[in-house]
Amino acid sequence: MLRHLLRLLLVAALLLAAGVLGMRQLGWLNQRAAPSLSPPEQARTAPVAPPSPVVPAAPLSPAVPEKLETPVKPPSPAASMPSTTTPPTSTRPASTPPRPVLPRAVPPAQKSGASRPPRPLAPAPLRSAPLTALNAVRALAGLPGVKAEPGWQAECDAHANYLTRTDTGSHREDPADPHYTPAGANCAHAHYYVTLRPEATATQALTYWQNGPFHLPQLLDPRLSRAAFSVKHDTAGEIHTAAVLDVKRGRTGAAKYPVRFPRPGSVLAPQALSRFEFPDALPGCPGYAHPVGAPIALLLGQGRAARRAELKINGKAAAVCLLTAQTFSGASAGDTRVGRSVLEAQGVAIALPRQPLPRAAQVHVLFQTDAGPVGWSFRTR
C-alpha cells in the first residue's frame, strides 16, 4: 500500500517537471502579466496636418462701367427757370463715342436718404474750361466774355456734387438728404445738365443749352459779366456727370440791345433743336416734329416784341416758327407761363427752322418788330 502511494507521487512529480520544462521552452514563464486584456488603444484624434501655404490675394479687378439704362422722366422744374436735362442715349458702355442722351433725372425722394452713404467723386475738370465754353457761345453773338466769380464757385461745386451723389436733376436741394449743403442750395437756381455719360464735358452742356430756345437767351444776356460754372463727375450711381451754370447773379453790366444770334457774317456748324428742353417748344409750332433746326435768336430788350419772322436759305424761302412772349403756347398752362416769362424778360424772338439748316448754306433771317424790321445773314459750314 505504501509502495503504491510512493509510485503515484513519483509519477506526478515527473509529469509536473515535464510540464514546467515545456513551458520554459515556449517562453511563457518569462512574460509579465499585462494590466489589461487588450493592448492600450491609440488616440482617436487624427494627427494635425501642417498648415497650408497662404496664397496672396489676387489684385482687385478695375470697376466695369455700368451699362446705360432706360432713362426716366425728370421732375417738373421750378417755374422761375427752365430745368435742364440731357439728350437721349442707347444702352451701351460709356466708352462708346458720345451721342445725345436722354435725361436721367430722378426725384430726390427716390434716390436720397440717410441710409445711402456718401461716395467718392472723381476729380473735377479745370474751372477755366467751362467758362471758355460759355464765352465761345457768347462770341457767336458778338458779346464780351464773362469772368469767374470765386464767391459762387464753391456753391455751384456743391450743387453739382449733390446732383451726382443723389442721382437727381433739380433746382432745389432736400434739407433732409445727407448730401444737402447750404452752399449747394445757394446755387440750386442755376442751369443744370445731367447725364449718364462720365466723359461728358462743359462744351456738351453748353451746346445743349445753346440749342434750347429757353436757355439760350440767358446765355446771351448782355448784362452778364460774372458767372460760376461747375462740372462734376461720379462713376457710381446713375448720374455720372452734372454741369451747373449760374448766370442769374452776375447780370450787372450794361443792357446793350439788340443781340443777334448767330451774329451777322458769322459761320457756324448747323445744329438741331435740343430734345427734352423745358418747356417743350414744339407745342408752340403746330406740325413741327424733331429734328428741327436750332434756334435763331433776336434779343430786343424788355418791353419790345417781334410779330413775324422770315427765313431764306440760299435765296429760297424756308418754313420757320416764331416764338415770342406774346405768342408761345406750351403743352400746359404752366409750360406756357414759364416759357413766356423767359422770353418776356429780354424781349426775345426765337425763329425755329422747320428742319436743321443744310451745310454750306447762305442763311438770311428777317424779324418784323414793333420798331421796324431787323434782318441779317450768316453762313453754315
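Using a 4.0 Å cut-off between a side-chain N of Lys or Arg and a carboxylate O of Asp or Glu, Asp246 and Lys248 do not qualify as a salt bridge.
Side-chain atoms of Thr369 come within 3.5 Å of backbone N or O of Gly372 as a donor-acceptor pair. Between the side chain of Thr327 and the main chain of Leu323, no donor-acceptor pair closer than 3.5 Å is present. Formation of a donor-acceptor pair under 3.5 Å by the Gln218 side chain with backbone atoms of Val247 is not found in this model. For His171 (side chain) and Ala188 (main-chain N/O), a donor-acceptor pair under 3.5 Å exists by modelled atom type. Side-chain N or O atoms of Tyr192 include one that pairs as donor or acceptor with a backbone N or O of Gly169 at under 3.5 Å.
Residues satisfying the side chain to side chain contact (heavy atoms under 4.5 Å, CB included) test with Pro258, not counting sequence neighbours, are Arg260, Leu298, Leu300. The side chain to side chain contact (heavy atoms under 4.5 Å, CB included) check on Ala319 picks up Tyr288, Arg354, with sequence neighbours excluded. For Thr336, the side chain to side chain contact (heavy atoms under 4.5 Å, CB included) test picks out Ser329, Arg340, with sequence neighbours left out. Listed by chain and residue number, nothing satisfies the salt bridge (charged side-chain N to carboxylate O under 4.0 Å, His left out) test with Glu344 (two or more places apart in sequence, or in another chain). With sequence neighbours left out, the side chain to side chain contact (heavy atoms under 4.5 Å, CB included) criterion links Ala318 to Leu311, Ile313.
In this structure, Leu299 CG and Gln346 CD are separated by 4.5 Å, a value rounded to the nearest 0.5 Å. Atom CD of residue Gln204 and atom OH of residue Tyr193 lie 5.0 Å apart, to the nearest 0.5 angstrom.
Within the structure, ring-ring contact (aromatic ring centres under 6.0 Å, His included) pairs that include any residue of residues 289-317 do not occur (at least two apart or interchain). Pairs of residues two or more places apart, or lying in two chains, that qualify as side chain to side chain donor-acceptor pair (under 3.5 Å) and include a residue from residues 263-273 are Asn211-Gln271. Residue pairs meeting the salt bridge (Lys or Arg N to Asp or Glu O under 4.0 Å) criterion with at least one member in residues 134-155, sequence neighbours excluded, are Glu149-Arg226, Glu155-Arg249. Pairs engaging residues 364-381 under the salt bridge (Lys or Arg N to Asp or Glu O under 4.0 Å) rule: Arg304-Asp370 [sequence neighbours left out]. Applying the salt bridge (Lys or Arg N to Asp or Glu O under 4.0 Å) test to every pair with at least one member in residues 305-334, sequence neighbours left out, gives these pairs: Arg308-Glu310. Within the structure, no pair that satisfies the ring-ring contact (aromatic ring centres under 6.0 Å, His included) test touches residues 291-315, not counting sequence neighbours. The ring-ring contact (aromatic ring centres under 6.0 Å, His included) pairs that include a residue from residues 324-366 are Phe214-Phe328, where partners are two or more places apart or lie in different chains.
The side-chain heavy atoms of His191 and His215, taken from C-beta on, include a pair separated by under 4.5 Å. Taking the side chain as every heavy atom from C-beta outward, Phe229 and Thr132 never approach each other to under 4.5 Å.
Of the N and O atoms on the side chains of Thr195 and Thr241, not one donor lies less than 3.5 Å from an acceptor on the other residue. Side-chain polar atoms of Thr168 and Ser170 form no donor-acceptor pair below 3.5 angstrom.
Closest of all the heavy-atom pairs between Lys232 and Thr164 is O-CG2, 3.8 Å. Thr324 and Ala306 make their closest contact through CG2-O, 3.6 Å (heavy atoms, listed as atom of the first residue, atom of the second, distance).
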Q: Give the C-alpha distance, both sets of side-chain angles, the deciding distance and a yes or no for side-chain contact (heavy atoms from CB on, under 4.5 Å) between Leu352 and Val320.
A: CA-CA 5 Å; Leu352 291 181; Val320 66; 5.5 Å; no
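Taking the centre of each ring, His240 and His233 stay at or above the 6.0 Å mark.
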